[in-house]
> 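Structure in structure tokens, see below.
One-based numbering along the sequence shown.
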Amino acid sequence: MTADESELRELRASVREFMEAKSPEDAVRKLMESEPRFDPAVWSQAADQLRLPGLAIPEEFGGDGFGLVELGVVLEEMGRALFCAPFFATVLLAAQALLASGDKEACARLLPGIASGRTTATLAVAEDYGSWDPAMVSARAVPDGDGGWTVRGRKCFVVDGTTADLILVVARTVAGPTLFAVEREAVGLTAEPMETLDATRAMARLTLDAVPAMLVGAQGAGGRIMAKVLDIASVGLAAEQAGGARRCLETSADYARVRHQFGRPIGSFQAVKHKCADMLVQVELAEAASREAARLADEDSPDFPVAAAVAHAGCSRAYMVTAMENIQVHGGIGFTWEHLAHLYFRRAKSSQLLFGGPAVYYERLLDRLGI
């Protein structure tokens, strides 16, 4: 299912109205210091009123069957508002891993709860060194003798890992990296929050001590699954970054109009005008790259993996540039804890590093280009 331009505008307007009501600055700051790091009531409203968790989940599994284009609109608005919720982990990581596994039984069992918003989920891949490369996974899974599996190991930088009801874990079997499903209340699973630069995106460290797990997909298919998940999640992250970058530009331009120095708005000075113009270029490029990659994904184009890598690299740079320039335009106040600018900078930096940082995503781009 694909929405036309008028439907996309309506979707954006609805999501923006929701974000302005539910994710203002004071709400973001409150959630940054709370546990869980999101408001369950707001999450329920996003699911019940807007059906956001199920937007891009196939109709056969309880979703609405839209694609990455529609999801990108939602993520741009969430990024613009620094929305604190388990949406990215649940929809872009866990749900996409289930779909990429090709395991119809697991999808039929687990995706309806995700689509309805009743189940939050995440994907645990990275370990102590933060790599999302399944070849680097050392966590182990072995048969338990009763037709099931148990997993041992440790996972780090698990997005929303302390609150997710369902955790999809990449662990190694004799066949190679493999995907498993673990319930939150499973015996032997412990989760502790990690203190990170960006308090608006909760991260956790998981310890799995012979934790009961359900095999998802085929043994040894973890590499193939993760390649697809990273492409889709990178484009979703790029949309979120583009939305945050757009907000940084808007904030800078608004401030440059009202802040006066030497009897005139600072926006009239060439240095500030150039900063805002440079930010505009970065934002336009970011939006174009993320939206084009989403379109290619929905068309199942062979060019999608390259476009996904380009979007991830371009939007990561754009968000960092605009977040830094936003602080510069605001001057002294932009460096303070009380101002919102540093929250966007922290989100920009954490997003840039989420899947391994520039060295990794440029390498991924070269790989997608066949170089």
> Does the side chain of H260 pick up a donor-acceptor pair with the side chain of R264 at under 3.5 Å?
no

> Look at the side chain of D209 and the backbone N and O of G188, then say whether any donor-acceptor pair between them is shorter than 3.5 Å.
no

> Decide, yes or no, whether a salt bridge links R295 with E299 under the criterion of side-chain N to carboxylate O below 4.0 Å.
yes

> Taking all non-hydrogen atoms of both residues, which atom of Y344 and which atom of G244 are closest, and how far apart?
CD2-O, 4.1 Å

> Please report the interatomic distance CG(N326) to NZ(K275), rounded to the nearest 0.5 Å.
11.0 Å

> Are any of the side-chain heavy atoms of V28 and F83 separated by less than 4.5 Å?
no

> So which heavy atom on A308 is nearest to which on S234, and how close?
O-CB, 4.3 Å

> Can a donor-acceptor pair be found between the side chains of K349 and Q352 at a distance below 3.5 Å?
yes

> How about D133 and S131: does a side-chain donor come under 3.5 Å of a side-chain acceptor?
no

> If you measure from CG on L111 to CG on L98, what distance do you get to the nearest 0.5 Å?
5.0 Å

> What's the spacing between C248 SG and M279 CE if we round to 0.5 Å?
6.0 Å

> Would you indicate whether the side-chain heavy atoms of V182 and L166 approach each other to under 4.5 Å?
no

> Is R154 salt-bridged to E127, cutoff N-O under 4.0 Å?
no

> Compare all side-chain heavy atoms of F18 with those of L50 and state whether any distance is below 4.5 angstrom.
yes

> Backbone N or O of A106 within a donor-acceptor pair of the D103 side chain at under 3.5 Å?
yes

> So, K22 and Q45: side-chain donor and acceptor under 3.5 Å apart, yes or no?
yes

> For the side chain of W43 and the backbone of G117, is there at least one donor-acceptor N/O pair under 3.5 Å apart?
yes

> Side chains of F157 and R205, heavy atoms from C-beta outward: is any pair under 4.5 Å?
no

> Are D160 and T122 linked by a side-chain donor-acceptor pair shorter than 3.5 Å?
no

> So does E76 pair up with R80, basic N to acidic O under 4.0 Å?
no

> Between F88 and R201, is there a cation-pi geometry (under 6.0 Å to ring centre, at most 45° from the normal)?
yes

> Has the side chain of E7 got a donor or acceptor atom that lies under 3.5 Å from a matching backbone atom of D4?
yes

> Side chains of S351 and E240: closer than 4.5 Å at any heavy-atom pair?
yes

> How long is the straight-line distance from CZ of R172 back to OG of S138, given to the nearest 0.5 Å?
8.5 Å

> Is a side-chain donor or acceptor of W132 paired with a backbone partner of L354 at a separation under 3.5 angstrom?
yes

> Okay, side chain of K155, backbone of V170: is any donor-acceptor separation there less than 3.5 Å?
yes

> Does the cation-pi check pass for R347 over Y319, that is, NZ or CZ under 6.0 Å from the six-membered ring centre and within 45° of its axis?
no

> Taking the side chain from H342 and the backbone from W337, do they hold a donor-acceptor pair closer than 3.5 Å?
yes

> Are there over 12 heavy-atom neighbours, none belonging to M194, within less than 6.0 Å of that residue's CE?
yes

> How far does NE2 of H312 sit from CZ of F355, to the nearest 0.5 angstrom?
6.5 Å

> Can you confirm whether D39 sits close enough to S34 that some side-chain heavy atom of one is under 4.5 Å from a side-chain heavy atom of the other?
no

> Side chains of Q219 and T173 only: does a donor on one sit below 3.5 Å from an acceptor on the other?
yes

> Regarding R257 and D254, does a basic nitrogen lie under 4.0 Å from an acidic carboxylate oxygen?
yes

> Between E70 (side chain only) and A3 (backbone N and O only), is there a donor and an acceptor less than 3.5 Å apart?
yes

> So does K30 pair up with E25, basic N to acidic O under 4.0 Å?
no

> S316 and Q241: side-chain donor and acceptor closer than 3.5 Å?
yes

> Are the side chain of R184 and the backbone of G161 linked by a donor-acceptor contact shorter than 3.5 Å?
yes

> Salt bridge between D165 and R118, side-chain N to carboxylate O under 4.0 Å?
no

> By the definition side chain to side chain contact (heavy atoms under 4.5 Å, CB included), identify the one residue from D278, T322, V321 that meets it with V283.
T322

> So, the side chain of T162 versus the backbone of E192: is there a donor-acceptor pair under 3.5 Å, distance only?
no

> Between A297 and L68, what is the shortest heavy-atom contact and its length?
CB-CD2, 3.7 Å

> Should V235 and D231 count as side-chain neighbours, where that means a heavy-atom distance under 4.5 Å?
no

> Is there a side-chain contact between I232 and L92, using heavy atoms and a 4.5 Å cut-off?
yes

